[in-house]
Number of protein chains: 2
Amino acid sequence: MSPRKSAHDELTKEAIISVARNLFVQEGYAAASMRKIADTLQCSHGAIYYHFKNKAHLFYEIIEADFQKLDQVLDSVLRESAENNEHKLFSIFYRYIQFGLTHQKHYELMFLIHDDDVKGYLNEGPNKSYLHFAQAVNSLAPKSLSIKDIWSVFLSLHGFVTHYCRTETTFEEVKELASSHAQFLIKATC
Amino acid sequence: MSPRKSAHDELTKEAIISVARNLFVQEGYAAASMRKIADTLQCSHGAIYYHFKNKAHLFYEIIEADFQKLDQVLDSVLRESAENNEHKLFSIFYRYIQFGLTHQKHYELMFLIHDDDVKGYLNEGPNKSYLHFAQAVNSLAPKSLSIKDIWSVFLSLHGFVTHYCRTETTFEEVKELASSHAQFLIKATC
DNA sequence: CTTTCTTATTGAACGCTGGTCAATAAGATT
DNA sequence: AATCTTATTGACCAGCGTTCAATAAGAAAG
């Protein structure tokens, strides 16, 4: 009825993001409709468009924060103490997979989404995350690795995560496989 | 107007598949709508549902044939003469990437689609294709490889193709990278 | 040839989607 | 108190996949 809410329950970007993130993670990008988000927020779907240009842009703001989380995971591994660099390298690989599979929907949204509307926005995020990863790998590799080899490692980890995202397998179910895949990649880098 | 076409231009499953395949490849699964397919066929969109249960099923029948094409690619490599098994192994890896990137939309549809409707159908296709791949690799590997290692190789190739599918890069643009990725994986299998 | 039966097609309808926008009321400013 | 800015609504649009009663073309039977 009333075309504006009273001050104490006005819509905020933060409230929208919080609800939208949950829905995106639970249902994926396509199935999380603007109307569902609005229903959960108890507002009209039109109102969201006052705060965000469109669905893709709302999504973009959410996903950018997730890339930072991945960066933090890699950083924490680098700071951890370990027997030697090879163990740390293994940890980087293993934890990358763990991140991807324990945040499958996020990962999908971050690296696999194919929506044309979204693609335009997502360029820096994945790139910055990769650079972070590459630096970590380079600093830990036993011998100096070529840029191409680091890229191959990344794509190989990406393939693992991608596959088990599609089949919606939990990390627990494939942690042994994850470990052997990480070991496989260590082999190639030595 | 007329609720049935004259005999010489009745709709056939083959005609629908032919048009639908083109549209799926050109525009992807989501964007290729039943109405667009019907328009191209110059029939009503309802008519397609007489021949196919739904969009996912139409898609399924198309994609099953594509998996067979990938099998053929692998077979032809196995039959080719080569200096040694390592060269053949390299060829398998390289040609797998080539197949994926020269049929990007097919590959996406085959291995990356996340549509819930479709997922139910697609189980045997990718599995059979992988078994074919695994057998080929196993028969060519210099030393006996573990099942896990072959799986790692596959996932690593899959990651390469997946990434460049998402960025819509042509095979030509990354053939050197494809070559070095294949070489990287050879390293890990020896 | 006529009637009956099967088969293939149409197009309206349903409920959903992302997105736009005039109307409007709450809060801030003058 | 009057004006201005801001945030919200909900009707509306074009498109989607899917269903289905109505219907005409072709085949089969009498």
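Sequence lines set the chain letters: A, B, ... in the order given, protein chains first and strands last, and positions in each chain run from 1. Just so it is clear, the structure is predicted and the values come from calculations on it, not from any experiment.
In this structure, CD1 of A:I48 is placed 10 Å from P of D:dT9, rounded to the nearest angstrom. Per the geometry, CD belonging to B:E10 stands 8 Å off C1' belonging to D:dG26, to the nearest Å. B:L41 places its CG atom 13 Å from the C1' atom of C:dT9, with the value rounded to the nearest Å. For the pair B:D39 CG and D:dG15 P, the interatomic distance rounds to 10 Å; values are reported in whole Å. For A:R4 and C:dA22, the CZ to P distance is 19 Å, given to the nearest whole Å.
Side-chain nitrogen and oxygen atoms of B:K5 include none within less than 4.0 Å of the OP1 or OP2 phosphate oxygen of C:dT9. Contact check, B:S6 against D:dA25: no side-chain N or O comes under 4.0 Å of OP1 or OP2. Phosphate contact (OP1/OP2 of D:dC16, side-chain N/O of B:S33, threshold under 4.0 Å): present.
Annotation for A:E61: atom CD counts as buried by contact number, over 12 foreign heavy atoms lying within 6.0 Å.
Side-chain rings of A:H57 and A:Y49 stay apart, their centers remaining 6.0 Å or farther from each other. Residues B:F154 and B:Y96 bring their aromatic ring centres within 6.0 Å. Ring pair A:Y94/A:F171: centre-to-centre distance below 6.0 Å.
Using a 4.0 Å heavy-atom cutoff across all strands shown, B:H51 reaches sugar-phosphate atoms only and no base atom. Across all strands shown, A:A31 has no heavy atoms under 4.0 Å from either base or sugar-phosphate atoms.
Residue-to-nucleotide proximity on DNA chain D shows that, of B:A47 and A:G46, the 5′-proximal contact is made by A:G46.
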